[in-house]
Amino acid sequence: MIDVRNPSDGFTSLRARIGELGPTPNDDRGADGAPLTVGEWVQLIDEVVAHPQRNTEALWNVATPEQDDREYDAIFVGGGASGRFGSAYLRARGGRQLTIDAWPFLGGSCPHQACVPHHLFSECARELDLARHMQGRLWFPAFDDKRASIAEIVELFKAGRSYPHAIMNWQSKEQLDMEFILNTPATVIDEHTVEVEGQRFRARNLVLCTGARTAYPDVPGITAKGVYDFASLIEELDYEPNRCVIIGGSKVALEYGSFFQATGCKTTILTRSPLMETASLHHVDTGLREYVVSMMADRGIEILVGAEVLEVLGNGHVTGVRYRTPDGRVVDIDTDFVFVGTGERPDLRMYSPLGLATDERGFVVADATMRTSVPSVYAAGDLLGPPMEMFKARKCGVAAARNIMGEHYEFDFTEYPDFLHTTYEVTWCGLSEAEARQRYSNVVKIQMPPDDADPETFALPAAEGSMLYAFTRPVLSGWLKLVIDGDSRKILGAHHVGFGAKDAFQYIDYLIRQPQGWTIDDMAELNELFLNPEHFIQLSRLRAGQRDLVNM
Ligand SMILES: Cc1cc2nc3c(=O)[nH]c(=O)nc-3n(C[C@H](O)[C@H](O)[C@H](O)COP(=O)(O)OP(=O)(O)OC[C@H]3O[C@@H](n4cnc5c(N)ncnc54)[C@H](O)[C@@H]3O)c2cc1C
Ligand SMILES: NC(=O)c1ccc[n+]([C@@H]2O[C@H](COP(=O)([O-])OP(=O)(O)OC[C@H]3O[C@@H](n4cnc5c(N)ncnc54)[C@H](OP(=O)(O)O)[C@@H]3O)[C@@H](O)[C@H]2O)c1
């Protein structure tokens with residue numbers, strides 16, 4: 001046990017130990033007895049992650065009975081997105097929580113292996129894409145595919161990932177006043193009791209927040225060296241891939257496929273359903289999907305739809321993938337790197353003492369208050385199933401906290417704005433055009449480029465991030481659609497491919513889901529910060545004068 005809370009001898013020796021690791025980032029080392037600084041947390045986390053075998057002691061930030069002798073309102077098992085946000089909220093409401101995580105930091109998989117590296121990779125993909133497209137023009141040199149190394153970019157991420165971890169530990173301790181134990185798994189004993197490093201803690205409630213992990217397809221060879229998922233890519237990649245085959249056809253497949261291809265690693269996506277048509281993605285507009293897929297193909301990604309993966313070939317290391325085509329032919333692709341994006345499932349074995357109800361896919365069943373089938377046990381985040389997104393994980397944790405603290409609070413995550421990356425940002429909310437036409441008789445749309453325009457000469461939408469494309473090859477500059485009910489004038493859906501529009505969708509989603517709705521006239525009243533990436537405001541204003549709206 002390492003006590004990081006109480007300024008005692010143990011704490012002083014911890015600071016001395018951190019001191020031995022070298023200078024702290026930004027030289028912000030605190031005085032003995034003072035709380036660990038962010039820089040010291042960086043060092044401590046780096047050391048523990050790099051050498052887990054010699055750093056097996058847990059990091060305790062738990063109040064002594066003199067500091068707080070109240071019963072715990074909740075123990076959060078897992079301190080990732082859902083566990084940390086739920087804990088912070090419960091604490092802010094005046095409750096007492098304990099958060100336990102197997103990793104030496106709070107924040108979970110998002111900053112360690114999932115969202116944050118994905119955003120770094122997507123930014124690399126966007127930069128590489130532009131550099132390749134513009135090569136030989138303006139200040140852009142000739143592009144050398146070989147200079148973009150996947151392994152190097154992964155290493156860059158690993159070298160910097162403790163910075164956000166450290167901030168979350170520091171913030172959770174110093175600003176949010178949370179109690180936590182890190183770097184040790186929790187063992188669930190019963191619906192009120194959890195064991196950590198041989199010590200038992202009791203609470204009025206448990207909140208289960210242990211996330212999910214990639215569910216690999218059951219095909220021969222899938223465990224061979226050279227087969228990776230989003231997590232093992234970060235932890236285990238030890239060579240430079242030269243050729244990539246991806247299994248799956250949803251967010252992970254599109255995002256990582258676009259990144260690998262942009263680095264110059266020729267990529268093939270084997271997908272059993274058309275890209276972006278998986279059940280976990282809803283409201284995907286056909287026009288948006290077609291633009292996204294055609295732009296991926298334009299960048300050279302091979303997309304094989306209806307492929308059934310039969311075997312990963314290899315002799316100790318992956319050498320290829322065997323698949324069946326929709327017309328029954330068996331084909332082999334040579335590759336030294338297979339990437340699996342076939343969705344995630346939770347590992348619930350640690351909860352067997354609880355006898356939790358689960359659904360047919362293996363996710364925990366909870367009601368809208370996040371209460372599971374066991375009355376004092378709540379669950380939050382990815383272990384409840386899709387959508388596996390940060391907003392949902394965080395708000396589930398908060399919903400559990402609010403209910404535990406005596407407020408009846410329901411969280412419905414059936415509607416939400418969504419996004420993914422290719423080398424573009426792809427964002428959408430509300431209804432697709434086809435869905436709108438099923439529900440409304442007078443659907444009107446504003447679209448760029450319009451259906452009857454030649455996209456090769458239609459240089460809009462464009463704004464920061466797509467200006468160079470607009471002036472050199474207009475079709476690459478993006479795509480958008482606003483779906484409107486012509487009778488009520490309410491906006492029903494918004495869809496965008498480009499750069500910089502993602503933030504707007506957080507607000508558009510909220511506004512169009514207000515009970516009174518959000519009309520094209522309301523949109524036209526906004527003050528645009530021109531050039532605004534999504535162009536929706538000025539396009540709505542150009543159309544809003546019409547009594548009877550028509551397509552644009
Ligand atoms: C590649 C990828 C990219 C993504 N990108 C985005 C994105 O851009 N935007 C977005 O909104 N969402 C994104 N997501 C989804 C997002 O990462 C998840 O929805 C979110 O992290 C889930 O949070 P959680 O709390 O359920 O689980 P996690 O954050 O994974 O936390 C689970 C925690 O439980 C701990 N734990 C497990 N077992 C134990 C145990 N026995 N004892 C103690 N602790 C334990 C783990 O150490 C971990 O910290 C992405 C997902 C992937 C796979
Ligand atoms: N916000 C973000 O940017 C972001 C980024 C990455 C991930 N995430 C989240 O993380 C979660 C995981 O993403 P994901 O893309 O891996 O999963 P997903 O959205 O669940 O999609 C799984 C994909 O794998 C295919 N698949 C499933 N089992 C298969 C099998 N046995 N053989 C072949 N193909 C199979 C599915 O095909 P079918 O359609 O035919 O079933 C689908 O294309 C998702 O919930 C996602 O929302 C979010």
Side-chain angles (χ1 to χ4, degrees), residues 80 102 108-110 112-115 117-118 121 150 154 210-239 241 243-260 265 267-281 303-324 330-351 358-364 381-389 420:
S109 59
C110 170
H112 200 55
Q113 296 169 334
C115 331
H118 135 224
F121 300 155
I150 296 169
V154 168
T210 41
R213 59 189 182 186
T214 302
Y216 277 56
D218 185 17
V219 293
I222 197 75
T223 56
K225 181 156 170 47
V227 180
Y228 292 87
D229 62 30
F230 73 91
S232 57
L233 176 78
I234 304 295
E235 306 304 339
E236 293 166 22
L237 185 72
D238 56 3
Y239 66 101
R243 176 76 170 86
C244 173
V245 172
I246 295 194
I247 308 173
S250 192
K251 288 188 178 183
V252 168
L254 271 78
E255 291 171 340
Y256 285 74
S258 297
F259 165 58
F260 298 141
C265 178
T267 296
T268 299
I269 296 181
L270 296 179
T271 178
R272 62 183 185 191
S273 310
L275 295 190
M276 296 182 76
E277 283 193 6
T278 195
S280 62
L281 298 183
I303 300 160
L304 303 177
V305 179
E308 181 194 355
V309 175
L310 300 173
E311 187 174 355
V312 175
L313 308 169
N315 47 14
H317 195 285
V318 167
T319 56
V321 176
R322 178 166 297 159
Y323 69 98
R324 200 187 334 263
V330 173
V331 179
D332 291 353
I333 311 180
D334 292 341
T335 188
D336 63 346
F337 178 63
V338 174
F339 189 79
V340 179
T342 48
E344 293 179 60
R345 292 288 180 276
D347 181 352
L348 302 178
R349 285 173 297 184
M350 67 180 287
Y351 302 126
T358 56
D359 68 14
E360 65 293 349
R361 298 163 301 170
F363 293 108
V364 174
D382 283 359
L383 50 65
L384 297 175
M388 296 188 191
E389 303 290 336
L420 58 81

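Nothing fancy with the numbering, it's 1 onward along the sequence.
A search for side chain to side chain donor-acceptor pair (under 3.5 Å) contacts involving Glu235 returns Gln113, Arg161, not counting sequence neighbours. The ring-ring contact (aromatic ring centres under 6.0 Å, His included) test applied to Tyr323 returns no partner, not counting sequence neighbours. Residues satisfying the salt bridge (Lys or Arg N to Asp or Glu O under 4.0 Å) test with Glu236, not counting sequence neighbours, are none. Checked against side chain to side chain donor-acceptor pair (under 3.5 Å), Asp359 has the following partners two or more places apart in sequence or in another chain: Arg361.
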Would you tabulate the side-chain donor-acceptor contacts of residues 332-340 under 3.5 Å, counting partners in other chains and residues two or more places apart, or write 'none'?
{"unit_1": "Asp332", "atom_1": "OD1", "unit_2": "Arg322", "atom_2": "NE", "d": "2.7"}
{"unit_1": "Asp332", "atom_1": "OD2", "unit_2": "Arg322", "atom_2": "NH2", "d": "3.0"}
{"unit_1": "Thr335", "atom_1": "OG1", "unit_2": "Arg243", "atom_2": "O", "d": "2.7"}
{"unit_1": "Thr335", "atom_1": "OG1", "unit_2": "Phe337", "atom_2": "N", "d": "3.3"}
{"unit_1": "Thr335", "atom_1": "OG1", "unit_2": "Phe337", "atom_2": "O", "d": "3.0"}
{"unit_1": "Asp336", "atom_1": "OD1", "unit_2": "Asn242", "atom_2": "N", "d": "3.2"}
{"unit_1": "Asp336", "atom_1": "OD1", "unit_2": "Arg243", "atom_2": "N", "d": "3.1"}
{"unit_1": "Asp336", "atom_1": "OD2", "unit_2": "Asn242", "atom_2": "N", "d": "3.1"}
{"unit_1": "Asp336", "atom_1": "OD2", "unit_2": "Asn242", "atom_2": "ND2", "d": "3.4"}

Can you give each donor-acceptor pair under 3.5 Å made by side-chain atoms of residues 213-227, sequence neighbours left out, with the distance rounded to 0.1 Å?
{"unit_1": "Arg213", "atom_1": "NH2", "unit_2": "Asp347", "atom_2": "OD2", "d": "2.9"}
{"unit_1": "Tyr216", "atom_1": "OH", "unit_2": "Asp229", "atom_2": "N", "d": "3.4"}
{"unit_1": "Tyr216", "atom_1": "OH", "unit_2": "Asp229", "atom_2": "OD2", "d": "3.0"}
{"unit_1": "Lys225", "atom_1": "NZ", "unit_2": "Asp238", "atom_2": "OD1", "d": "2.9"}
{"unit_1": "Lys225", "atom_1": "NZ", "unit_2": "Asp238", "atom_2": "OD2", "d": "3.2"}

Donor-acceptor pairs under 3.5 angstrom involving side-chain atoms of residues 246-253: please list them, not counting sequence neighbours.
{"unit_1": "Lys251", "atom_1": "NZ", "unit_2": "Glu389", "atom_2": "OE2", "d": "2.6"}
{"unit_1": "Lys251", "atom_1": "NZ", "unit_2": "Asp418", "atom_2": "OD1", "d": "2.5"}
{"unit_1": "Lys251", "atom_1": "NZ", "unit_2": "Phe419", "atom_2": "O", "d": "3.1"}

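Counting heavy atoms from C-beta on, the side chains of Phe121 and Val154 come closer than 4.5 Å. Considering only heavy atoms from C-beta on, Tyr351 stays 4.5 Å or farther from Thr358 through its side chain.
Across all their heavy atoms, Leu270 and Ala307 have their closest contact at CD2-CB, 3.9 Å. Cys265 approaches Ile150 most closely through the heavy-atom pair CB-CD1, 3.9 Å. Gly211 approaches Pro346 most closely through the heavy-atom pair O-CB, 3.5 Å.
A donor-acceptor pair under 3.5 Å is absent between the side-chain atoms of Ser273 and the main chain of Thr271, judged by distance alone.
Rounding to the nearest 0.5 Å gives a distance of 13.0 Å between CG of Leu233 and NE2 of His118. The distance from atom CD of Glu255 to atom SG of Cys115, rounded to the nearest 0.5 Å, is 9.5 Å. Atoms CD and OG, on Glu344 and Ser109 in that order, are 7.0 Å from each other to the nearest 0.5 Å. With values rounded to the nearest 0.5 angstrom, Arg345 atom CZ is found 6.5 Å from Met388 atom CE. Separating the CG atom in Leu254 from the CG atom in Leu275 is a distance of 5.0 Å, to the nearest 0.5 Å.
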request  = Given ring-ring contact (aromatic ring centres under 6.0 Å, His included), test Phe230 with Tyr256 step by step and report yes or no.
outcome  = CA-CA 8 Å; Phe230 73 91; Tyr256 285 74; 7.5 Å; no
